[in-house]
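These values consider heavy atoms only, across backbone and side chains, with no hydrogens, waters or symmetry-generated copies. In what follows, every chain begins at residue 1, and chains take the letters A, B, ... in the order their sequences are listed.
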There are 2 protein chains.
Amino acid sequence: MDLRRLRYFVAVAEARSVGKAAERLRMAQPPLSVQIRKLEAEIGAPLFRRGTRGMDLTDAGQALLARAGEALALAADGVEAARAVAAGKRGRISVGYMFALANAVLPRLIPELRRSIPGVDLHFAELSASTREARLLDRSVTVALCMPAIHHPEIQVARVGAQPFMLAVPIRSPLARLSSVPMARLQGRPLIALPRPDQDPASSAVMALLRRHQIVMPVASRVETVHSAMSLVLAGEGLAILPACAQLGAPRGIVFRPLRDASDSIDIAVCWRRDSHSPLIRTFLKCAEKAVARM
Amino acid sequence: MDLRRLRYFVAVAEARSVGKAAERLRMAQPPLSVQIRKLEAEIGAPLFRRGTRGMDLTDAGQALLARAGEALALAADGVEAARAVAAGKRGRISVGYMFALANAVLPRLIPELRRSIPGVDLHFAELSASTREARLLDRSVTVALCMPAIHHPEIQVARVGAQPFMLAVPIRSPLARLSSVPMARLQGRPLIALPRPDQDPASSAVMALLRRHQIVMPVASRVETVHSAMSLVLAGEGLAILPACAQLGAPRGIVFRPLRDASDSIDIAVCWRRDSHSPLIRTFLKCAEKAVARM
DNA sequence: CATTGGCATACCGAAAACATATGGGCCAGG
DNA sequence: CCTGGCCCATATGTTTTCGGTATGCCAATG
């Protein structure tokens with residue numbers, strides 16, 4: 001079964017004439033006549049009654065016509081959909097983000113995406129650093145919002161912004177009185193840490209910061225998310241060094257203070273597979289830049 | 001857009017490999033590879049990611065695949081439906097019948113048809129003689145049940161049975177006492193007639209019967225249907241000469257009596273356009289023969 | 001470093017489709 | 001009654017496209 005034949009058949013059925021249909025199809029009449037007869041031979045039954053004034057569908061022809069039009073439309077819609085997806089006008093983008101960015105970035109990012117790519121399905125999943133990397137690699141997420149970036153040969157990275165580290169302290173702590181906290185004041189205090197540095201690059205950035213200033217802070221607890229970290233800070237378990245944007249989700253009773261003489265910051269990055277060439281990714285990147293800039 | 005390409009595309013997508021798909025399609029690998037690339041060129045975007053271990057759909061490919069399978073199925077279904085209609089396994093048959101046969105034939109005919117051609121839509125319309133002919137000619141009915149047959153160069157006829165003429169009399173009439181009525185007893189009595197002979201061949205058959213026996217019956221009323229005729233007979237307006245099968249729909253108070261020494265009968269026939277070649281008509285004919293035989 | 005598995009390219013023969021030319025049936029108008 | 005026009009079917013040559021074989025290229029593997 002060939003779509004060309006079906007297309008010809010539909011044309012002849014609509015024009016009720018081989019000649020008229022041939023004209024509309026920009027071809028000569030005889031080959032069209034031949035194609036119709038071949039179609040009839042393939043089906044094994046006449047599809048038209050030949051009269052002296054054109055052609056007329058038989059019952060079998062009407063049965064075919066009812067499906068043929070739909071099949072043609074569906075095929076055309078298929079290529080159209082494929083083109084639209086390839087052009088980034090339709091499709092699906094799945095975003096893996098980290099908890100720390102949820103409150104700061106998503107509220108700005110999502111409307112931006114909806115405006116830029118209205119026909120595209122958006123999916124969001126809050127994922128740990130290691131899961132984001134795995135899901136990028138197995139393609140079950142399209143892009144990841146990371147802080148800091150994922151480093152992997154298969155993964156491409158675009159920096160879209162940076163966040164200074166700040167100190168999260170209970171509002172009742174004496175440190176909260178300072179407008180900024182000198183690094184030296186952290187010496188020896190208990191730290192609420194994120195997962196081990198080998199599992200979470202954000203954590204290793206904090207460690208590097210402390211090491212560079214030769215500060216030692218005993219790890220009081222390890223937690224999964226900045227939210228848990230802030231809860232423990234509020235409970236008085238220790239202090240946390242967190243990206244500034246985390247304060248958007250901070251509970252009452254926690255304040256963020258800049259770290260004096262520490263200009264360290266942590267990158268916010270968009271990461272995706274090097275071999276994903278969807279134009280959606282470019283668009284996503286632009287949206288993410290805008291969203292972070294307005295943060 | 002060619003269905004062959006779509007078929008190939010679906011095969012490769014399912015096999016996730018050009019080689020495997022080529023094997024399943026009973027063709028060599030290189031031409032299949034070429035066809036896939038042509039499809040990609042036509043769409044203007046890659047549909048597969050080529051890895052070292054086979055092929056993998058891109059998002060655009062998935063969008064196409066979703067429609068392609070349906071389009072293929074629809075096209076296949078279309079030819080299947082056309083074949084089924086041509087073979088008389090599906091389709092539609094529209095039957096024009098006359099009132100006089102409704103009670104006698106339809107209750108036996110319809111179940112017979114349902115058994116023989118279960119997938120076929122049945123339509124019935126009670127039509128006058130002239131309308132049956134017109135509707136046959138313009139194809140708005142497929143077959144007509146007639147008594148007697150339609151004569152027309154475009155219309156083919158098959159006799160499926162015959163009905164003797166009988167006399168319809170009120171049960172209180174003295175004629176009702178006779179087991180059969182001699183023709184001579186009709187002389188001069190008022191007749192309830194069907195439409196004028198030039199409009200209704202059944203009526204002209206009755207006139208011929210009377211003429212042959214040299215009986216004159218004044219026409220008391222002309223009615224459209226045997227049912228009306230029987231109502232008037234019951235009202236004492238006159239007598240009616242009707243096909244025997246009409247007694248099935250006779251009201252209480254009407255009896256039918258054979259006409260002694262008149263062996264006239266009227267044919268029951270199935271009529272259809274000479275250029276209608278649907279096998280449904282053959283099947284219908286068989287069913288009608290059975291139904292009439294069991295009458 | 002060689003081998004293997006898988007897709008892409010090159011080239012050739014075969015099949016299918018299209019165009020031009022022509023034939024034949026059916027209605028209409030002279 | 002005949003003739004011209006309309007429309008579909010058939011015939012034939014040319015061109016396009018498709019499928020097969022041979023081969024190249026790349027990457028992963030041992």
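Looking only at distances, no side-chain donor or acceptor of Ser130(A) sits under 3.5 Å from a matching main-chain atom of Gln199(A). Between the side chain of Arg50(B) and the main chain of Met55(B), no donor-acceptor pair closer than 3.5 Å is present.
Atom CD1 in Ile36(B) sits roughly 12 Å away from atom C1' in dC7(C) (whole-Å rounding). The interatomic distance linking Leu39(B) (CG) with dC18(D) (P) rounds to 12 Å, in whole Å. Whole-Å rounding puts the Leu3(B) CG to dT17(D) P distance at 18 Å. Atom CG of Leu25(B) is separated from atom C1' of dC18(D) by 14 Å (rounded to the nearest Å). Spacing between atom CD of Gln35(A) and atom C1' of dT17(D) amounts to 13 Å, rounded to whole angstrom units. Distance CD (Glu154(B)) to C1' (dC26(C)): 14 Å, rounded to an integer number of Å. Atom pair Arg7(A):CZ and dA17(C):C1' shows a separation of 15 Å (rounding to whole Å applied). When the P atom of dA16(C) is taken as reference, atom CG of Leu32(A) falls 18 Å away, rounded to whole Å.
In the set dG19(D), dC7(D), dA28(D), dA28(D) carries the atom at the smallest distance from any side-chain atom of Thr52(B).
The shortest distance between the side-chain N/O atoms of Arg5(B) and the OP1/OP2 oxygens of dC18(D) is below 4.0 Å. For dG19(D), one of the phosphate oxygens OP1 or OP2 lies less than 4.0 angstrom from a side-chain nitrogen or oxygen of Arg4(B). For dC8(D), the OP1/OP2 oxygens have no side-chain nitrogen or oxygen of Arg53(A) closer than 4.0 Å. Contact annotation: Ser17(A) side-chain N/O to dC8(D) OP1/OP2 distance is under 4.0 Å. Within the 4.0 Å cut-off from OP1 or OP2 of dT17(D), not a single side-chain nitrogen or oxygen of Lys38(B) is found.
Backbone-only engagement by Tyr8(A) is indicated by non-hydrogen atom pairs under 4.0 Å involving sugar-phosphate atoms exclusively. Nucleic acid contact for Gly51(A): none, since no nucleic acid atom lies under 4.0 Å from a heavy atom of the residue. Within the 4.0 angstrom heavy-atom criterion, no nucleotide atom of any strand lies near Arg16(B).
Across Tyr97(A) and Ala102(A), no two heavy atoms sit closer than the pair CE1-CB, 3.8 Å. The minimum heavy-atom distance between Leu32(B) and Val18(B), with the atom names listed, is CD2-O, 3.5 Å.
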Protein and nucleotides 9-16 of chain D: nitrogen or oxygen contacts under 3.5 angstrom:
from: dA9(D); atom 1: OP1; to: Arg37(A); atom 2: NH1; distance (Å): 2.4
from: dA9(D); atom 1: OP1; to: Arg50(A); atom 2: NE; distance (Å): 2.4
from: dA9(D); atom 1: OP1; to: Arg50(A); atom 2: NH2; distance (Å): 3.2
from: dA9(D); atom 1: OP2; to: Ser33(A); atom 2: OG; distance (Å): 2.6
from: dA9(D); atom 1: N7; to: Gln29(A); atom 2: NE2; distance (Å): 3.2
from: dA9(D); atom 1: N6; to: Gln29(A); atom 2: OE1; distance (Å): 3.4

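Applying the side-chain hydrogen bond (donor to acceptor under 3.5 Å, both in side chains) rule to His123(A) yields the partners Arg92(A); only residues at least two apart in sequence or on another chain are considered.
A salt bridge does not link Glu70(B) with Arg67(B): none of the charged nitrogens is closer than 4.0 Å to a carboxylate oxygen. Salt bridge Arg139(A)/Asp275(A): present, at least one basic N to carboxylate O contact under 4.0 Å.
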